[in-house]
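Working notes, beginning with the structure itself.
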Amino acid sequence: MFSKAIVRTPCPNLIAGISSANLGQPDYALALEQHQQYIKALEQCGLAVTVLPADNDFPDSCFVEDTALCTPNCAIITNPGAASRQGEVIDMARHIPNFYSAIETIEAPGTVEAGDIMMVGNHYYIGLSARTNQQGAEQMIAHLEKYGHSGSVVSLSEVLHLKTGLGYLENNKLLACGEFLTKPEFQQYTLLEVDPSESYAANSVWVNDTVLVPAGYPKTQQLIEDQGYKTLAVDVSEFRKVDGGLSCLSLRF
Ligand code: CIR
């Protein structure tokens, strides 16, 4: 179970966030409203949410998930692979000591964005992507092992981050689409196959027995409900325009 979350208010420069979506620029006012609803959803799931202020120097800074990995035993500040995002970790590193005493960092030439990391119990799958490299993953695994966790790498080629295409819903159930459906390391889980027309909804998030699902993906919402989960649909349409999803908008621990 999680008890806390950290989010960061989107900044006006969000409209200049890195994007491959081809969906136009986010509507900033609507993004702020959706962010408020997102915070409410986390609170409804029982989390105490710390809201960090907007930082207009970093267009993608509301996607806090990428800047740190928060485990039960330690926090690891990442080194994002996207050059425009590397400075985001400086401010995050100032806040993490409010929650953790055991803190590690990923150092160049290693890069990691924690959207590439999926927690399954005590084990952490680390996607090797355009943003997370082998050296970063190796540093991450060494840090995790120091604190009693384990980690392993997963290759990926079709999506931005590992959790763009995967969502672990606890109870051995794994929401997956595309390339992840056939990877040998995930065959031990009950795979819940996301329809390709709703691949964005693979980034749904388990939070204390409720699954947050992006609004507008009814097949995936039904698929998850059919497994006995309570769901909460949250509209993140403006974040999708800059390749962001539900998980990216918070650190949950
Ligand atoms: C980026 O490209 O870095 C942002 N526009 C989106 C980050 C999404 N984060 C995530 O999937 N964890």
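Start at 1 and go down the list; that is how both ligands and their atoms are numbered. Here the structure is a predicted model, which is why all the values come from computation and not from measurement.
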Task: Pair Tyr125-Ser152, side-chain contact (heavy atoms from CB on, under 4.5 Å): steps then yes or no - done: CA-CA 5 Å; Tyr125 290 99; Ser152 59; 3.6 Å; yes
Open item on the list: Restricting to non-hydrogen atoms, name the atom on Leu144 and the atom on Ile76 that form the minimum distance, rounded to 0.1 Å.
Closed with: CD2-CD1, 4.1 Å
Under 4.0 Å from a heavy atom of [X]: which atoms of ligand 1 are those, numbered in the order shown and with their elements?
| X | answer |
| --- | --- |
| Val242 | 4 (C), 5 (N), 6 (C) |
| Glu65 | 12 (N) |
| Asp60 | 4 (C), 5 (N) |
| Gly115 | 12 (N) |
| Asp243 | 6 (C), 8 (C) |

Task: ligand 1 contacted by Arg131 (non-hydrogen, < 4.0 Å) - done: yes
Open item on the list: Checking contacts here: is it the side chain or the backbone of Arg85 that comes within 4.0 Å of ligand 1, counting heavy atoms only? Could be both or neither.
Closed with: side chain
Task: With sequence neighbours excluded, residues passing side-chain hydrogen bond (donor to acceptor under 3.5 Å, both in side chains) with Glu170 - done: none
- [ ] Evaluate salt bridge (charged side-chain N to carboxylate O under 4.0 Å, His left out) for Lys163 paired with Glu65, printing each intermediate quantity in order.
- [x] CA-CA 11 Å; Lys163 280 183 294 187; Glu65 174 178 68; 2.7 Å; yes
- [ ] Not counting sequence neighbours, which residues clear salt bridge (charged side-chain N to carboxylate O under 4.0 Å, His left out) with Lys219? List them please.
- [x] Asp195
Open item on the list: Would you say the ring centers of Tyr38 and Phe239 fall short of 6.0 Å from each other?
Closed with: no
TODO: Hey, can you tell me if Tyr189 and Phe186 have their rings parallel, tilted or perpendicular (30° and 60° cut-offs)?
DONE: tilted
Open item on the list: Looking only at distances, can you tell me whether any N or O atom of Glu113, backbone or side chain, sits closer than 3.5 Å to an N or O atom of ligand 1?
Closed with: no
Open item on the list: Is there a polar contact, in the sense of an N or O pair closer than 3.5 Å, between Gly17 and ligand 1?
Closed with: no
TODO: Closest by any non-hydrogen atom to atom 10 (C) of ligand 1: pick that one out of Ala21, Cys248, Ser61.
DONE: Cys248
- [ ] Take Lys241 and Glu238 through the salt bridge (charged side-chain N to carboxylate O under 4.0 Å, His left out) test and state the conclusion after the steps.
- [x] CA-CA 5 Å; Lys241 292 175 181 172; Glu238 300 318 292; 2.9 Å; yes
Open item on the list: Which residue and atom name correspond to the protein heavy atom nearest atom 12 (N) of ligand 1, and how close is it?
Closed with: Asp66 OD1, 2.8 Å
